[in-house]
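Below you'll find the structure, written out as structure tokens, and then a few comments.
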Amino acid sequence: RRCTKCILPETFPGITFDEQGVCNYCRDYQKIHVKGRDALEELIAPYRSDSGEPDCIVGFSGGRDSSYMLHYIKKVLKMNPIAFTYDWGMVTDLARRNQARVCGKLGVEQVIISADIPKKREYIRQNIEAWLKKPDLGMVPLIMAGDKQFYYYAHQLLEQTGAKIIFNGGNAFEKTEFKLGFCGIKEGDTRGKGLLTGISRLNKIKLPIYYAKQYLLNPAYINSSLFDTLHAYYSSYLLPDAYVYFFQYIPWSEEEIVSLLRREYDWEVATDTNATWRIGDGTAAFYDYIYYTAAGFSEFDTFRSNQIREGLITREEALELVNRENIPRYESLEWYARTVGFDLEEALDIIHSIPKMYESLYSR
């Protein structure tokens with residue numbers, strides 16, 4: 001069963017339906033307010049460099065949003081950005097090629113801060129193997145903890161370069177509150193807060209309590225990745241949110257972004273999916289496979305539901321899109337398992353054996 005307005009299913013954490021079948025997330029939704037280019041120009045005016053020296057940092061993964069953001073800041077706003085990339089071992093070759101294309105054509109300096117990649121991949125492997133011993137959807141984000149030091153190093157780079165502002169390409173369509181929901185946490189509207197780090201103080205306490213309980217239930221999580229995970233939590237939720245969220249000022253348009261990148265930069269798309277979101281992130285295919293298999297939806301369902309609420313696409317279009325986007329990306333799954341070092345077939349067997357949330361609803 002899905003909401004009659006958006007496409008969120010009844011397995012979505014905290015969801016309820018009214019008599020018309022409309023979900024509470026649609027009923028409580030607040031339209032996105034874009035501040036506009038004039039507001040952005042006013043914000044950056046004191047920081048713009050007349051000498052050509054770097055005047056801002058742009059968080060840059062090579063994905064569609066950060067690539068478009070870098071293009072706009074350099075070509076439209078006429079600023080002098082430094083592109084910042086944090087390589088934690090799950091940046092794919094496709095992402096690297098797109099980074100090179102965009103930075104090369106724009107003539108933008110790219111600063112790449114690399115983790116100890118073999119160690120990071122070992123942490124991922126340990127946590128995947130621990131998760132497979134006792135699968136829990138609330139603990140899936142643990143395998144992505146290694147990338148969160150991006151925020152920590154972004155703060156450092158801001159100080160080291162003398163730049164005054166740092167841009168982040170997160171946008172309100174990509175909110176994935178269900179990841180907290182599977183931890184038993186409902187996060188209210190974070191509009192006006194940091195899109196990526198802005199959860200309430202109470203939930204910043206509840207979340208580590210949930211994780212601590214899972215660690216006690218499954219001691220395999222107590223491994224050499226523990227301190228890295230704690231640093232990830234600090235970087236995500238305790239560091240001050242110093243970012244300018246680009247898409248709070250400039251309207252986000254999937255068609256415009258992708259078409260411009262393809263036309264101007266020969267931006268590369270993945271060969272194993274029609275989607276253009278998360279294609280440079282080596283972990284995405286794996287965790288979305290888990291969510292889709294166990295709960296019947298993935299990040300794409302939340303993303304498309306937000307587009308419906310904004311009137312950008314119809315419900316029918318959204319269903320057609322997610323039916324394609326949720327097709328398993330076997331090429332990416334194989335790359336991920338080979339790179340991290342775990343047995344994919346064994347992992348898939350365990351994932352397939354997880355009791356399906358949508359089956360349990362109908363067995364009552």
Side-chain angles (χ1 to χ4, degrees), residues 1-34 65 136-138 140-141 170-193 195-196 198-200 203 206 247 251-255 273-278 284-285 287-329 351 354-364:
R1 182 188 181 190
R2 292 181 184 263
C3 173
T4 54
K5 183 175 181 180
C6 72
I7 60 170
L8 292 186
E10 58 188 334
T11 54
F12 197 87
I15 200 167
T16 60
F17 300 100
D18 64 17
E19 293 181 356
Q20 286 72 45
V22 178
C23 76
N24 52 313
Y25 291 96
C26 284
R27 296 195 304 270
D28 298 340
Y29 187 75
Q30 298 181 35
K31 288 280 189 176
I32 297 172
H33 170 68
V34 179
D65 293 351
D136 181 280
L137 295 183
V140 171
N171 71 71
F173 294 102
E174 298 178 358
K175 289 178 64 178
T176 53
E177 58 268 87
F178 69 86
K179 294 174 184 176
L180 287 173
F182 283 129
C183 299
I185 295 172
K186 180 172 174 55
E187 182 59 45
D189 183 53
T190 59
R191 212 171 308 278
K193 303 178 185 177
L195 290 171
L196 302 179
I199 68 171
S200 68
N203 285 342
K206 286 183 177 179
F247 289 108
W252 186 90
S253 167
E254 184 174 15
E255 183 178 352
T273 180
N274 290 321
T276 56
W277 185 32
R278 307 275 204 226
Y287 66 70
D288 270 330
Y289 188 90
I290 293 172
Y291 289 130
Y292 187 67
T293 302
F297 71 91
S298 76
E299 290 181 317
F300 290 107
D301 297 71
T302 64
F303 174 73
R304 299 302 179 188
S305 290
N306 283 329
Q307 287 187 299
I308 294 170
R309 297 179 190 121
E310 287 293 319
L312 298 179
I313 59 175
T314 66
R315 188 175 185 275
E316 290 70 27
E317 288 171 330
L319 285 169
E320 184 178 340
L321 285 166
V322 298
N323 281 338
R324 295 198 304 266
E325 292 164 341
N326 283 329
I327 293 173
R329 298 175 57 192
I351 292 167
I354 299 172
K356 309 297 186 290
M357 293 176 63
Y358 42 89
E359 288 178 353
S360 63
L361 286 167
Y362 298 106
S363 64
R364 295 173 183 170

Spatial distance of atom SG (Cys3) from atom CG (Asn24) [nearest 0.5 Å]: 9.0 Å
Does any part of the side chain of Ile327, heavy atoms only, come nearer than 4.5 Å to the side chain of Thr273, both counted from C-beta? no
Report the C-alpha distance between Thr16 and Arg27 in whole Å, list the side-chain angles of each, state the deciding distance to 0.1 Å, and finish with yes or no for side-chain contact (heavy atoms from CB on, under 4.5 Å). CA-CA 10 Å; Thr16 60; Arg27 296 195 304 270; 3.5 Å; yes
Carboxylate-amine/guanidinium proximity below 4.0 Å for Arg2 and Asp301: yes
Carefully, step by step, assess Glu254 and Arg304 under the rule salt bridge (charged side-chain N to carboxylate O under 4.0 Å, His left out). CA-CA 11 Å; Glu254 184 174 15; Arg304 299 302 179 188; 2.8 Å; yes
Do the side-chain N and O atoms of Glu310 and Tyr29 include a donor-acceptor pair separated by under 3.5 angstrom? yes
Please evaluate residues Glu325 and Trp277 with respect to the criterion side-chain contact (heavy atoms from CB on, under 4.5 Å), reporting the C-alpha separation (whole Å), side-chain torsions for both, the decisive distance (0.1 Å), and the verdict. CA-CA 10 Å; Glu325 292 164 341; Trp277 185 32; over 6 Å; no
Please determine, by modelled atom types, if Arg309 and Asn306 share a side-chain donor-acceptor pair under 3.5 angstrom. yes
Between Ile308 and Arg315 the two heavy atoms that sit nearest each other are CD1-CA, 3.7 Å
Classify the angle between the aromatic ring planes of Phe297 and Phe182 as parallel (below 30°), tilted (30 to 60°) or perpendicular (above 60°). parallel
Audit row: Glu299, Lys179, salt bridge (charged side-chain N to carboxylate O under 4.0 Å, His left out) steps and yes/no: CA-CA 9 Å; Glu299 290 181 317; Lys179 294 174 184 176; 2.6 Å; yes
Within the 4.5 Å heavy-atom criterion, are Arg278 and Tyr287 side-chain neighbours or not? yes
Between Gly296 and Tyr358, which heavy-atom pair has the shortest distance, and what is it? N-CE2, 3.5 Å
Please confirm whether Phe247 and Phe173 have ring centers closer than 6.0 angstrom. no
Which value, rounded to the nearest 0.5 Å, describes the distance between Glu177 atom CD and Phe12 atom CZ? 5.0 Å
Spatial distance of atom CD (Gln307) from atom OG1 (Thr302) [nearest 0.5 Å]: 10.5 Å
Please determine whether side-chain contact (heavy atoms from CB on, under 4.5 Å) holds for the pair Tyr292 and Phe300, giving the CA-CA distance in whole Å, both sets of side-chain angles, and the decisive distance to 0.1 Å. CA-CA 10 Å; Tyr292 187 67; Phe300 290 107; over 6 Å; no
Pro251 versus Val34, closest heavy-atom pair with distance: N-CG1, 3.8 Å
Heavy-atom side-chain contact between Thr4 and Phe17 under 4.5 Å: no
In terms of heavy-atom contacts, Ile351 and Lys356 come closest through O-NZ, 4.5 Å
Test your reading of the model: is there a side-chain donor-acceptor pair from Glu10 to the backbone of Arg1, 3.5 Å cut-off? yes
At what distance, to the nearest 0.5 angstrom, does CD1 of Ile313 lie from CZ of Phe303? 8.0 Å
Nearest 0.5 Å, what's the CG-OG distance between Leu8 and Ser305? 3.5 Å
Apply the test side-chain contact (heavy atoms from CB on, under 4.5 Å) to residues Asn171 and Asp65: give CA-CA distance (whole Å), side-chain angles for both, the deciding distance (0.1 Å), then the verdict. CA-CA 8 Å; Asn171 71 71; Asp65 293 351; 2.9 Å; yes
Is it the case that the side chain of Lys186 and the backbone of Gly184 share a donor-acceptor pair, with hydrogens and angles ignored and the cut-off at 3.5 Å? no
Would you say Glu320 has more than 12 foreign heavy atoms packed within less than 6.0 Å of its CD? no
Grab the two heavy atoms, one from Ala295 and one from Thr11, that are nearest each other, plus how far apart they are. O-OG1, 2.5 Å
Shortest non-hydrogen separation from Cys183 to Gly138 and the atoms involved: SG-O, 3.3 Å
